[in-house]
Number of protein chains: 2
Amino acid sequence: MNIIEKITNEFDTFSKSERKVAEVILASPATVIHASIASLAKQAKISEPTVNRFCRRLDTKGYPDFKLHLAQSLANGTPYVNRHVDENDTAEEYTTKIFESTIANLEMARKSLDTNMINRAVDVLTQANKISFFGLGASAVVAHDAQNKFFRFNVPVIYFDDVLMQRMSSINSTQGDVVVLFSHTGRTKPLVEVAHIARENDAIVIGVTDANTPLAKECNIVLSPTVSEDTDLYMPMASRIAQLTLVDILATGFTLRRGSKFRDNLKKVKDSLRSSRFERKE
Amino acid sequence: MNIIEKITNEFDTFSKSERKVAEVILASPATVIHASIASLAKQAKISEPTVNRFCRRLDTKGYPDFKLHLAQSLANGTPYVNRHVDENDTAEEYTTKIFESTIANLEMARKSLDTNMINRAVDVLTQANKISFFGLGASAVVAHDAQNKFFRFNVPVIYFDDVLMQRMSSINSTQGDVVVLFSHTGRTKPLVEVAHIARENDAIVIGVTDANTPLAKECNIVLSPTVSEDTDLYMPMASRIAQLTLVDILATGFTLRRGSKFRDNLKKVKDSLRSSRFERKE
DNA sequence: AACACAATGAAAATAAATTACATTTAAGCT
DNA sequence: AGCTTAAATGTAATTTATTTTCATTGTGTT
């Protein structure tokens with residue numbers, strides 16, 4: 001989608017001249033959108049047709065169309081998006097890159113979420129007798145966080161990161177119970193089974209996972225915050241941040257639905273923590 | 001700035017023909033950015049120079065430049081602000097607001113972090129014999145996540161969200177051990193005590209918390225991702241997302257420091273999960 | 001070294017946008 | 001109303017920009 005990212009990603013597959021153009025473009029994309037093909041060619045010290053070919057290679061109709069894409073990429077909030085961490089990066093560099101790519105992925109997740117589904121999920125959650133949050137690995141962290149949030153609402157909340165406990169808990173679920181399952185891949189076998197068991201026992205199952213995955217198929221409601229895969233370091237990064245933001249959204253929807261009296265209750269929970277803290281002296 | 005808004009605002013001051021162009025553009029701006037001046041003129045049933053004059057009237061250099069502005073306006077989905085969730089917001093509205101404020105807070109956190117401190121923290125972590133991650137409440141979630149990440153590095157990692165276990169664990173720490181404490185407020189008494197105990201036993205203590213707090217004072221290294229307080233709904237939201245991003249950064253720094261051979265190891269850990277998943281059929 | 005093929009550039013051809021100028025339209029004034 | 005004038009719009013010519021065609025250069029292979 002984002003053409004600057006695309007150039008960065010495909011840089012290695014470019015020919016010598018194409019790289020020259022790419023370098024000039026990446027160096028100052030904002031200048032390029034106001035340049036003619038002739039001036040860009042001159043800057044990159046290659047011919048005009050090469051620039052044109054470069055544009056077509058990136059699936060644009062030609063140079064003017066390419067500039068349009070470039071302009072849009074630049075406008076897209078975060079300019080230098082999703083740059084990959086490099087072996088020799090300084091702390092300064094990888095810090096910036098990780099923040100930028102996290103932000104870019106949140107943008108992406110925001111666009112991918114279906115607010116109708118969020119609305120339905122909030123409906124279901126507000127009417128639940130009991131809410132269970134399950135996940136494994138990195139997604140267990142998200143479930144843990146959800147528990148921490150929803151626990152404050154004075155609703156029966158369950159959280160397990162142990163497969164057996166998740167299964168046992170689902171077997172005991174009944175109508176009126178809601179089970180929320182977190183899984184980035186949507187292919188974790190034990191979790192798919194938990195979803196199945198929960199549905200057999202009349203619980204409503206909400207999946208925070210990719211659409212069109214085995215897990216998604218077992219769910220009543222699917223929420224898919226899509227991010228560009230976190231391949232960088234073989235660790236889930238952006239995906240769980242997106243999931244956590246979704247938890248915030250569900251929790252917010254929940255409190256809004258419950259009305260203002262209910263929010264006083266939240267304040268009480270927070271205030272109850274005060275005695276365990278050192279006072280602020282200001 | 002935004003040219004679509006500008007057209008809407010100045011619509012009343014346009015001449016008859018200019019309004020025709022404006023109408024066509026506003027009806028489907030996305031189409032216009034791919035149209036030539038000729039085709040736009042034809043659609044609006046006016047002449048080409050009139051289109052050109054229209055563009056100049058809006059302070060652009062000409063038609064191509066106008067299209068560039070238009071393209072950017074279209075892409076500009078997110079004006080970054082920290083808008084607060086309102087009682088009567090729709091799902092659409094509060095979803096957008098939460099994403100926007102999360103993003104804005106990440107920007108803020110990025111600026112507030114001291115990369116020298118990050119570098120020192122990474123130094124310390126790479127040399128640790130044993131790493132402990134402790135937190136309470138919402139920060140327990142962050143500690144949990146850190147465990148999940150660092151565990152993959154084949155380093156002894158400890159995580160507890162139970163105060164007593166945290167204390168016992170700290171009492172047993174020795175030189176070469178690193179204790180990482182997460183706390184948004186930096187005023188949680190039990191955690192400050194844990195920090196104190198750990199230091200008395202020669203462990204290095206890294207605090208992910210606000211500077212100038214009781215906890216910060218007990219730490220060898222302090223990392224403070226500052227966010228605007230999450231007062232909205234009496235729940236930690238942005239703060240923990242910022243802390244999690246910091247965990248990503250530390251983990252990334254760790255793997256970079258350990259070199260490329262080490263990264264193969266990570267891949268192995270990830271691959272080992274494969275058998276527990278449903279295959280992708282593509 | 002010779003061949004094949006991809007990459008590049010020069011020049012011609014095409015397409016697009018802009019300018020100059022003519023014509024129309026509308027507004028103001030007697 | 002009818003004349004005058006200025007603004008608005010359109011036509012056609014010009015200029016500019018982009019794309020295509022085709023020749024040339026470079027690169028890797030047998």
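Quick note on labels: first sequence line is chain A, next is B, and so on, each numbered from 1. As a basis for the values below, the full set of heavy atoms in this structure was taken, side chains included, without hydrogen atoms, waters or symmetry mates.
Across A:Y94 and B:G253, no two heavy atoms sit closer than the pair OH-CA, 3.2 Å. What you find for A:E48 and A:I37 is that their closest heavy atoms are O-CD1, 3.7 Å.
With rounding to whole Å, B:K42 atom NZ is found 14 Å from D:dT11 atom P. Here D:dA17 presents its P atom at 14 Å from NE2 of A:H34, a figure rounded to the nearest Å. As a whole-Å value, the separation of A:I46 CD1 from D:dT25 C1' is 16 Å.
The CZ atom of A:R110 sits 10.0 Å away from atom CD1 of A:I249, with the distance rounded to the nearest 0.5 Å. Going from atom CZ of A:F182 over to atom OG of A:S139 covers 8.5 Å, rounded to the nearest 0.5 Å.
In this structure, the side chain of A:R240 engages the main chain of B:L244 through a donor-acceptor pair within 3.5 Å. Checked by atom type and distance alone, the side chain of B:S112 pairs as donor or acceptor with a backbone atom of B:S224 at under 3.5 Å. Panel note: side chain B:R19, backbone B:F14; a donor-acceptor pair is recorded below 3.5 Å. A donor-acceptor pair under 3.5 Å links the side-chain atoms of B:N105 to the main chain of B:S101, judged by distance alone.
Phosphate contact (OP1/OP2 of C:dA6, side-chain N/O of A:S15, threshold under 4.0 Å): absent. Remark: A:T50 is in phosphate contact with C:dG9, judged by side-chain N or O atoms under 4.0 Å from OP1 or OP2.
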Show the distances under 3.5 angstrom between N or O atoms of the protein and N or O atoms of nucleotides 20-22 of chain D.
unit_1 : atom_1 : unit_2 : atom_2 : d
D:dT20 : OP2    : A:R56  : NH1    : 2.7
D:dT20 : OP2    : A:R56  : NH2    : 2.5

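The residue among B:A35 and A:E18 whose nearest nucleotide of DNA chain C is located toward the 5' end is A:E18.
Taking every heavy atom of residues 57-67 of chain B and every atom of DNA chain C, pairs under 4.0 Å involve B:G62, B:Y63, B:P64, by number.
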